[in-house]
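Shown next, in structure tokens, is the structure this report addresses.
All ligand and atom numbering here is 1-based and tracks the order in the structure. When reading the values below, keep in mind they use all heavy atoms of this one structure, side chains included, and skip hydrogens, waters and symmetry mates.
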Amino acid sequence: MSIARFWRETPRRYNLGGSRCTEYGTVYFPPRPVCPACTRHRRSIEKMVAFQLSGSGEVLSYTIVHEAAEGFEMQVPYVVALVKTDEGPVLTGQVVDVEPDAVRIGLRVHATFRKLREEGAAGVIHYGYKFAPDDDRGIGGPPGERGPVPTPGGKAGQAKA
Ligand SMILES: [Zn+2]
């Protein structure tokens, strides 16, 4: 992804801002300008409102990655999970602050903002959401108070479930 595109998308990456159809209550993330269900049923497309995801959800499935992608060399093994948010949308993200062996389907997690990777000699640092177990300490917070947390060294305990 280009840097320009990344920064254009950054506000919603930080905020987990999606959209919600007021006709059926379906939540979309990333936000959609129209609701596919309503469009299919010829309803109004003027029913979408901005919707803030809480970032909380549970692990739907996960993979332990042992072969690092470029830019992730220092982090293997790491866990990438599909997280079903409480509001409905399924997000993909790395699970942090937990031993890979302790991740399981159904684990309660919440989004937290972390350094994703550094890019090239310029040292451009990308931030985005990752997921941490709910029973850790000192990470996360109520919706609306989450911001960048550039402290990857802050290990918040072993979340054995
Ligand atoms: Zn709809």
Hey, any chance V80 and V76 share a hydrophobic cluster, counting ILVMFWY side chains that come within less than 4.5 Å of each other, even indirectly?
->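 Both belong to a single hydrophobic cluster.
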Residue that, paired with F131, satisfies side chain to side chain contact (heavy atoms under 4.5 Å, CB included) out of L91, V96, V59, V103 |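 One option only clears the test, and that one is L91.
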Kindly compute the distance separating CG (L16) from CZ (F51), expressed to the nearest 0.5 Å.
->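 Interatomic distance, L16 CG to F51 CZ, rounded to 0.5 Å: 11.0 Å.
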Sorted by chain and residue number, which protein N/O/S atoms are under 2.8 Å from the Zn ion (ligand 1)?
->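 Listed by chain and number: C21 SG, C35 SG, C38 SG.
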Y24 side chain vs A37 backbone, donor-acceptor pair below 3.5 Å |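 Answer holds: no.
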Okay, side chain of S61, backbone of L82: is any donor-acceptor separation there less than 3.5 Å?
->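 It does not hold such a pair.
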Exercise: identify the closest heavy-atom pair between P77 and P100 |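 Smallest heavy-atom distance, with atoms named: O-CG, 4.0 Å.
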